[in-house]
Amino acid sequence: MRRLPWTPIAAFALIVVIALLAPWLGLANPVSMDVPHRLAGPSAAHWLGQDEFGRDVFARLIWGARVSLSVAVAAAALACVVGTTLGVVGGFLRGIAEILALRSIDVLLCFPPLLLALLVVTLLGPGATTLIPVLALVYLPGFTRVAYAGVLTARSQDYVEAMRVLGAGKSRIMLRTILPNIGGPLLVQFSLAMAAAVVLESGLSFLGLGVVPPAPSWGLMIGAARATMTQAPLLLLWPCLALTATILVMNALCDGLRDAVDPHPAYRPTARRLLDALAPGLLPTPRAVLDLRGLTVEIDTPHGPIHPVRDVSLQVFPGETLAIVGESGSGKSVTSLAITGLLPGAARVISGAACLDGTDLLRLSEDRLRNLRGAAMAMVFQDPGSSLNPVHRIGDQIAEAIIAHRPMPRAQATSAALALLQRVGIPDPARRLRAFPHELSGGMRQRVMIAIAIANGPRLLIADEPTTALDVTIQAQVLDLLADLKRERGLALLFITHSLPVVAEIADRVAVMYAGEIVETGPTAEVFLNPRHPYTAALLRSAPVEDGPAPEGIAGVVPPPTALPPGCIFAPRCDRAAPVCTTTHPALEAAGEGRAVRCIRWNQP
Amino acid sequence: MTWLLRRLGISLVLIWVVATVVFLAIHMVPGDPAELLLSQGGTTPDAGVVEELREQLGLTKPLHVQYGLHMWRLLHFDLGQSMQDDSPVVAEIARRLPRTLELILAAGIMAVLIGIPTGTAAAMRRGGAFDRISSAIASLALAVPVFVVGTLMVMVFAQMLRFVPAGGFTPFTRDPAQHLALLAMPAGAIGIGLSAVVFRMTRAAVLDVMLRDYVRTARAKGVTPNRILVRHVVRTALMPVVTILALQLGTLLGGTVLVEFVFNWPGLSGLLVSAVNARDYPLVVGIITVISVLFVGLNLAVDVLYGLLDPRVRR
């Protein structure tokens, strides 16, 4: 559980304490009448004045809270006990019990809540004692659903299975494991039911179908004050304020509890911050489509800023594939998002330059960058299932990419989309144009993503783990397609992956990333045959080889970005580390033709 | 198509179950309806008169015969006669129902027009001034019960400012302007809370969708922010919003009781309250059955609408 909502909890506790202490607060008798002083204004004896029968308004407000809350708590408690029992029993025993419990709840849900309450009031007659079962019945389904869903989730979890295997009885499993797990959601449901019960109780009392006069109730007070609202408007206002404030507090409590029980990340809008520092005064690499220099990305976290990508430099040339390889968390995806300006809100580039055909992307306005995205540079993401919009047709999604950069009539864009589908090898493309993403297989969807990426003839194609979510056979087909496109169109392909076999198959050159830094680059064949960085070597040894020696793991774990070692970041896991490695951070130095390595001991025996 | 037929079948079964539950509930009341009806005012009714009324209401027949008769009549849209004035229940419901539906529809339109644009704007500038202010207003609007809003509106706009009459009803055909003037307050009272619900749902849904991969894909395609918002974000975020709104409108079928009472709007719910107070069983059973059937029908409509909005459901 996250932080509890203390402010609403305190406010609610205050209301509860006042209501509980009502008999001992020295208040006037809330039901004793004083007709000669009816509608009298505030006085020393009656702080908020007197109502239409001369009763003390302040006392009636406080006692009204008592009635409201006790009805609400009792109703919510009854609904919670009965509803949870139904849900737990239904979910745990399955079979007939499940059907009975859930179907009866479904029938309850066929009646609008207030209607259900009215039906029961018709049957039992009005009164505070009727209200409790009425309200309980209305809020019962919520508890049953929460409990049932909780049990179904818990059932499938390993520890419940384990307990069952160990021979624990069903009732023991239920009490020991499932109830504590659904406690949070039930608490939220309880607060929701309570808040709603206060509203419904006041409404029914207002109609004369709830609390029976002369007992004090806010709903009754509001109803009664309507008759005299022109003479004594304040009489109407006080119970309205008390009721609204109470519900406001209870709603805040519900929201707070829900957030505490179910914390979920949410989108935070932030304008993309341009780099204000001047670009490093280096000559651009001739012919390079992408020339990335000294890229460093910062992310604000509650524990201070971290740098998931530090001083990354690389070049990609036309018709060439550069693979960035590394474990998850090594910063390879962040690098690609930084180049395209698609970093999530909390992350930003703090230094470096990323030149696409000589234009620095990191210092481009969002509008001008948008004109390049999907045109001069295009991206293919890891999961084609979630990367395509589920509610739009394939053809429309491709056409949208075309029209975003080359305004043209819809029909023309559609025929262009058809040609693209054909090019990426989708059978029966005319029919697929009208298909929705969920109607295609994973491999087909990734082909669609590739069609979108090449729609406007990009110079640079960034593919971020494009085959990871696919079957091995489909993987090979998609890799072949990318390689064909690269050859045919002279694309520069930046290929991000964690898989060494994929690198070996597709990449001309490779850059190995570890914990946010490039540790080695060079032509793929040379790096694989003769790795110069101990991490590259360890990575190669950890990959399974057919008929080869068993793969070796790398001892230790990747350092968290909050606690990077002061010297070489790989030193704590390195089998060749010397004392100097733990104090001096190595630079990426040239290590032969087209190769570079970030290790001071690379040429030492 | 089979998906639609299955949903339709489930709905029909639910309607049957609901009608049965209402029938049984009324017949499980402790005490005899005829006796209760006649003993109003504290007098003990004559045994012969009670028996006569029981005969007249068909209460002397065995339960299963009564049930069969009830269901047979339901199939022919016959809900019996009111115990108060012997008028057919169906006719009374047909006269009142459109007025309640009008109220709900007007409130729903208001909620959509206010809630969806403000909810989207608040989400797009999450944490900004507009978001904070509109969220605070929505919290307040959610906390004020509808009859409190209504009563305060009557006090301010009718009694103090004298903008509009305090309540009542004029048929549209007789005086359209007066009809709309009288509609404004009750619809507004419901619409305020409903707008707050739609605002919150929209805001949450947009925040959720903004994090989805396909929004990133749209950005990667170079689509303009406005088009992303309309085509990708709002379009997808609308699905849960439409569902919640429709279900809210459904609960309003019985939930306009309070507003109709406050504004003296002669709708179906008002009729129900007076029927409950008069213990007019045929009328209560009729109204509750009709509203529940409408509610089930609305849920079916929501499912169909969901199928139209989200192609993944259609199968």
Side-chain angles (χ1 to χ4, degrees), chain A residues 106-107 110-116 118-119 121-123 199 202-203 206-209 219 222 226 229-230 233 236-237 240 243-245 247-248 251-252 265-269 340 342 370-375 378-379 381 383 386-392 400-401 404-405 436 438 449 452 455, chain B residues 14 17-18 21-22 25-26 28-29 123-127 139-140 142-145 147-148 151-152 154-155 159 207-208 210-214 216-224 231-232 235-236 250-255 257-258 261 272-273 276 279 284 288 291-292 295-296 309-312:
Chain A
D106 280 351
V107 171
C110 285
F111 298 92
L114 197 54
L115 198 69
L116 190 62
L118 283 176
L119 178 61
V121 171
T122 313
L123 301 178
V199 178
S202 64
F206 176 78
L207 287 175
L209 299 171
I222 295 171
R226 260 161 46 91
M229 69 167 105
T230 38
L236 181 63
L237 220 51
C240 287
L243 182 58
T244 304
I247 298 168
L248 198 60
N251 282 350
Y267 164 75
R268 286 213 165 266
T340 52
L342 294 176
R370 194 185 68 239
N371 286 334
L372 292 178
R373 275 201 300 257
M379 282 129 275
F381 297 107
D383 185 358
S386 61
S387 295
L388 288 166
N389 191 322
V391 302
H392 292 304
E400 184 180 42
H405 299 282
F436 288 99
H438 71 268
M449 285 300 291
I452 290 175
Chain B
L14 274 178
V17 172
V18 163
V21 167
V22 175
I26 290 290
M28 282 190 303
V29 197
M124 295 311 291
R125 290 173 186 73
R126 182 182 185 205
S139 296
L140 190 66
L142 281 175
V144 194
F147 66 94
V148 171
T151 308
L152 293 178
V154 169
M155 188 166 92
Q159 308 281 6
L207 286 178
D208 176 54
M210 286 304 289
L211 287 176
R212 299 293 175 89
D213 284 350
Y214 53 78
R216 185 181 61 184
T217 304
R219 294 185 64 201
K221 287 198 283 194
V223 179
T224 57
R231 284 268 301 174
H232 294 278
R235 170 72 173 72
T236 331
T251 58
L252 275 179
L253 279 172
V257 175
L258 290 158
F261 179 79
L272 178 61
V273 173
V276 168
R279 307 213 145 224
V284 173
I288 290 183
I291 293 182
S292 305
F295 194 53
V296 171
L309 281 175
D310 188 345
R312 284 167 296 183

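Just so it is clear: chains get the letters A, B, ... in the order the sequence lines come, proteins before strands, and each one is counted from 1.
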Under 3.5 Å: donor-acceptor pair, side chain of A:Ser387, backbone of B:Asp213: no
Contact leader toward chain B among A:Leu243, A:Asn389, A:Asn371, A:Leu207, where contacts are heavy-atom pairs under 4.5 Å: A:Asn389
Part of B:Val284 lying under 4.5 Å from any heavy atom of chain A: side chain
Contacting region of B:Leu140 [heavy-atom separation from chain A under 4.5 Å]: both
Proximal component of A:Asn251, with respect to chain B [non-hydrogen, under 4.5 Å]: side chain
Residue pair B:Arg212 / A:Ser386, side-chain heavy-atom distance below 4.5 Å: no
Chain A contact via B:Val21 - which portion, at a heavy-atom distance below 4.5 Å: side chain
Parallel, tilted or perpendicular: rings of B:Tyr214 and B:His232 (30°, 60°): tilted
Proximity breakdown for B:Arg235 and chain A, heavy-atom pairs closer than 4.5 Å: side chain
Close side-chain approach of B:Pro145 to A:Thr244, heavy-atom, < 4.5 Å: yes
Options B:Thr224, B:Val273, B:Val17, ranked by heavy-atom pairs under 4.5 Å with chain A, top entry: B:Thr224
CE on B:Met210 to OG1 on B:Thr236, rounded to 0.5 Å: 11.0 Å
Greatest number of heavy atom pairs closer than 4.5 Å to chain B - which of A:Met449, A:His392, A:Met379: A:His392
Sequence-distant partners of B:Phe147, ring-ring contact (aromatic ring centres under 6.0 Å, His included), two or more places apart: A:Phe206
Partner chain B: residue of A:Leu237, A:Leu248, A:Leu209 with the largest heavy-atom pair count (under 4.5 Å): A:Leu248
Beyond-backbone contact of B:Thr151 with A:Cys240, side-chain heavy atoms, under 4.5 angstrom: no
Engaged part of A:Thr340 at the chain B interface, taking heavy atoms whose separation is under 4.5 Å: neither
Chain B contacts, top residue of A:Val199, A:Leu372, A:Leu236 (heavy-atom pairs, under 4.5 Å): A:Leu236
Audit row: B:Lys221, A:Arg373, side-chain contact (heavy atoms from CB on, under 4.5 Å) steps and yes/no: CA-CA 6 Å; B:Lys221 287 198 283 194; A:Arg373 275 201 300 257; over 6 Å; no
Derivation of the side-chain contact (heavy atoms from CB on, under 4.5 Å) call for A:Ser202 and A:Ile222: CA-CA 9 Å; A:Ser202 64; A:Ile222 295 171; over 6 Å; no
Which atoms of A:Ala401 approach chain B - backbone, side chain, both or neither, heavy atom under 4.5 Å: both
Closest-packed option against chain A by number of heavy-atom pairs under 4.5 Å, given B:Ala220, B:Gly250, B:Ser139, B:Ser292: B:Ala220
Top of B:Val148, B:Val257, B:Val223 for chain A proximity - count of heavy-atom pairs under 4.5 angstrom: B:Val223
Chain B contact via A:Leu388 - which portion, at a heavy-atom distance below 4.5 Å: backbone
Check: A:Arg370 side chain, B:Arg219 main-chain N or O, donor-acceptor pair, under 3.5 Å: no
Winner by heavy-atom pair count (cut-off under 4.5 Å) against chain A, out of B:Val296, B:Ile288, B:Leu252: B:Ile288
